[in-house]
Amino acid sequence: MPDHLPAGMSAADLETLHDAEPRAQAAFVAGLPDAELITVPGTTHYIQTQRPDAVVDAVNRVLSRDDGQA
């Protein structure tokens, strides 16, 4: 499924958003203990259907963490 621009949003607005997004994501992750930001090029909001292997790998990394709470 393609991503569509919301009503009233211009291509310039979208470019501004895309320019700010990596910084906002990094700032968000920096505030969370043990968080990891994973970027998968060529995907959109539908990463689960576009690259299910990347999603499974990320989930497996979390599940394999030894957090000492066994």
Side-chain angles (χ1 to χ4, degrees):
M1 296 180 72
D3 289 337
H4 298 285
L5 290 177
M9 184 177 226
S10 70
D13 293 336
L14 183 62
E15 184 175 340
T16 299
L17 177 63
H18 281 186
D19 289 344
E21 189 172 24
R23 291 186 308 278
Q25 290 173 343
F28 177 74
V29 169
L32 299 171
D34 300 324
E36 178 183 2
L37 177 61
I38 301 171
T39 303
V40 182
T43 60
T44 65
H45 291 285
Y46 305 103
I47 188 172
Q48 71 278 9
T49 58
Q50 296 165 338
R51 290 288 311 278
D53 60 305
V55 176
V56 169
D57 288 346
V59 170
N60 284 334
R61 273 197 307 278
V62 170
L63 292 175
S64 68
R65 286 182 183 168
D66 179 9
D67 62 7
Q69 295 182 8

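All residue numbers in this chain count up from 1 along the given sequence.
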Show which side-chain atoms of residues 29-37 pair as donor or acceptor with protein atoms under 3.5 Å away, not counting sequence neighbours.
none

Look only at the side chain of Gln48 and the backbone of Val55, and say whether a donor-acceptor pair between them is shorter than 3.5 Å.
->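 Looks like no, no N/O pair under 3.5 Å.
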
Pair up each side-chain donor or acceptor in residues 5-19 with any protein partner under 3.5 Å, not counting sequence neighbours, and list the distances.
| residue | atom | partner | partner atom | Å |
| --- | --- | --- | --- | --- |
| Ser10 | OG | Ala12 | N | 3.4 |
| Ser10 | OG | Asp13 | N | 3.0 |
| Ser10 | OG | Asp13 | OD2 | 3.2 |
| Asp13 | OD2 | Ser10 | N | 3.1 |
| Thr16 | OG1 | Ala12 | O | 3.1 |

Of all pairs that satisfy salt bridge (Lys or Arg N to Asp or Glu O under 4.0 Å), the ones with a partner from residues 37-53, not counting sequence neighbours =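 Listed once each, the pairs are Arg51-Asp53.
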
Nearest heavy-atom pair of Ile38 and Arg61: which atoms, and what distance?
->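 Ile38 and Arg61 have their closest heavy atoms at CD1-NH2, 2.5 Å.
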
